[in-house]
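Written below as structure tokens is the structure these notes are about.
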There are 2 protein chains.
Amino acid sequence: MSNPAAALYLENQLCFPLYAASRMTTKIYAPLLKALGLTYPQYLVMLVLWQHGEQTVNAIGSRLYLESNTLTPLLKRLEQKGLISRRRSSKDERSVLVQLTETGAQLKAKAQEIPKTILASFNDSRLTEPEVLQFQKTLFKLVEILGERAERDKE
Amino acid sequence: MSNPAAALYLENQLCFPLYAASRMTTKIYAPLLKALGLTYPQYLVMLVLWQHGEQTVNAIGSRLYLESNTLTPLLKRLEQKGLISRRRSSKDERSVLVQLTETGAQLKAKAQEIPKTILASFNDSRLTEPEVLQFQKTLFKLVEILGERAERDKE
DNA sequence: TATATTTACATCGCACGCGATTTAATCTTA
DNA sequence: TAAGATTAAATCGCGTGCGATGTAAATATA
């Protein structure tokens with residue numbers, strides 16, 4: 001790089017565009033999720049429960065890379081909306097099991113349309129399908145690497 | 001896809017890994033930025049000011065895809081730390097001009113090490129350099145497309 | 001088995017993000 | 001030029017994220 005300060009430029013960074021893209025995609029979900037009465041992080045929790053069923057706060061957290069300081073208040077809001085129920089595990093009283101209510105399970109049907117709408121909104125001539133697939137592949141690899149890193153850093 | 005609900009699965013989504021990767025990279029910055037007394041969004045504002053100098057809240061916002069509801073409180077915090085100053089533009093009394101203080105300008109020297117450290121921490125055998133470059137390219141394209149989309153949606 | 005350590009979740013405080021609204025200045029246009 | 005529309009910040013309220021700490025249950029270890 002000719003300019004010694006160039007490394008400090010936004011354009012040369014990976015993290016800023018990740019940050020920007022994440023916020024912008026979340027914004028695309030907002031109006032669709034509002035119809036279901038969900039925020040984006042709440043939707044992610046519902047996805048986990050729709051896919052994997054009852055599980056502990058910890059298990060949800062490992063899938064979403066979130067901890068109880070974020071999840072506990074969020075889960076309480078989902079509980080207040082009547083979408084989930086929470087109970088202490090009898091096998092291990094430290095754990096809290098999160099389960100879908102009937103209402104929460106039924107919401108899945110309404111959510112089916114969301115991925116289609118989102119995919120359509122990403123449709124743009126500047127992005128070819130193989131490019132997006134390759135992008136997704138690298139993105140998953142990145143999350144995996146960063147996830148491992150976070151695990152290491154805990155110790 | 002064989003399973004009709006597969007579209008709802010986390011793994012098939014683009015937005016979740018963006019969300020996860022963004023949060024995880026921000027976490028990597030945290031300890032480095034703590035030494036400068038900055039949060040990641042505050043660091044982004046400082047980057048903009050280091051690179052482009054005095055400008056309005058609006059101008060900072062268009063570079064970072066943020067608006068005054070987020071920036072005003074953040075800028076007040078930077079002002080309290082003595083890193084920036086804010087004043088109404090005399091040309092247009094609606095605008096607020098944000099400028100680095102001497103202290104704020106000097107902080108740039110300390111920040112020079114950060115990109116190097118971050119780049120080193122992304123160093124992993126699973127990610128080749130051309131793969132990362134391609135990834136970055138698509139990511140920028142994505143931000144551009146989403147940015148245009150956000151502009152359109154405002155109207 | 002008594003004690004120390006670890007684990008799971010909850011709580012607290014602070015800094016975002018952002019939709020919605022307000023206020024003041026500037027621009028448009030009839 | 002007066003009235004309405006637009007624009008730039010600021011303000012408000014709510015829901016995250018997350019570091020730090022607390023509490024209780026389970027596990028490890030002496």
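Proteins get letters first, then strands, A, B, ... in listed order; numbering begins at 1 in each. All values below were derived from every heavy atom in this structure, side-chain atoms included, with hydrogens, water molecules and symmetry-related copies excluded.
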Atom [atom1] of [X] and atom [atom2] of [N]: how far apart are they, to the nearest Å?
X: B:Ile60; N: D:dA10; atom1: CD1; atom2: P; answer: 11 Å
X: B:Leu97; N: D:dA8; atom1: CG; atom2: P; answer: 13 Å
X: A:Leu146; N: D:dC18; atom1: CG; atom2: P; answer: 12 Å
X: B:Tyr40; N: D:dC18; atom1: OH; atom2: C1'; answer: 16 Å
X: B:Glu67; N: D:dA9; atom1: CD; atom2: P; answer: 11 Å
X: B:Arg86; N: D:dA8; atom1: CZ; atom2: P; answer: 17 Å

Under 3.5 Å donor-acceptor pairs involving side-chain atoms of residues 69-78 of chain A, not counting sequence neighbours:
from: A:Thr72; atom 1: OG1; to: A:Ser68; atom 2: O; distance (Å): 3.0

Would you tabulate the nitrogen or oxygen pairs shorter than 3.5 Å linking the protein to nucleotides 12-15 of chain D?
none

List the steps and the verdict of side chain to side chain donor-acceptor pair (under 3.5 Å) for A:Thr117 and A:Glu113.
-> CA-CA 6 Å; A:Thr117 313; A:Glu113 291 303 311; 5.4 Å; no

Of B:Leu66 and B:Asp92, whose nearest nucleotide on DNA chain C comes first from the 5' end?
-> B:Leu66

Identify whether the distance between the nearest side-chain nitrogen and carboxylate oxygen of A:Lys137 and B:Glu131 falls below 4.0 Å.
-> no

Can we say A:Glu144 and B:Arg126 salt-bridge, meaning some charged N sits less than 4.0 Å from an Asp/Glu carboxylate O?
-> yes

On DNA chain D, more 5' by nearest nucleotide between B:Lys34 and B:Ser68 is B:Ser68

Quick one: are [X] and [Y] in side-chain contact, heavy atoms under 4.5 Å?
X: A:Tyr43; Y: A:Ile114; answer: yes
X: B:Gln13; Y: A:Gln136; answer: no
X: A:Val45; Y: A:Ile60; answer: yes
X: B:Val98; Y: B:Arg87; answer: no
X: A:Lys108; Y: A:Met46; answer: no
X: A:Ile118; Y: A:Ile28; answer: yes

Go through the steps for A:Leu97 and A:Gln55 under the test side chain to side chain contact (heavy atoms under 4.5 Å, CB included), then give the verdict.
-> CA-CA 5 Å; A:Leu97 286 165; A:Gln55 61 202 285; 5.6 Å; no

Chain B vs DNA chain C, heavy-atom contacts under 4.0 Å, first-to-last nucleotide span, 5' to 3', is C:dA15 to C:dT26

Strictly by modelled atom types, are B:Glu93 and B:Ser89 linked by a side-chain donor-acceptor pair under 3.5 Å?
-> no

Side-chain N,O (B:Thr72) to OP1/OP2 (D:dA10) below 4.0 Å | yes

So, is B:Lys76 near the phosphate of D:dA9, with a side-chain N or O under 4.0 Å from OP1 or OP2?
-> no

Can you sort out the partners of A:Tyr65 under ring-ring contact (aromatic ring centres under 6.0 Å, His included), two or more places apart, ordered by chain and number?
-> none

Contact list (N/O, under 3.5 angstrom) for nucleotides 2-7 of chain D vs protein:
from: D:dT7; atom 1: O2; to: B:Arg94; atom 2: NH1; distance (Å): 3.2

Numerically ordered, the residues 19-31 of chain B set in heavy-atom contact under 4.0 Å with DNA chain D is B:Tyr19, B:Arg23, B:Lys27

Can you tell me if A:Thr101 uses its side chain to pair, donor with acceptor, with the backbone of A:Gly82 under 3.5 Å?
-> yes

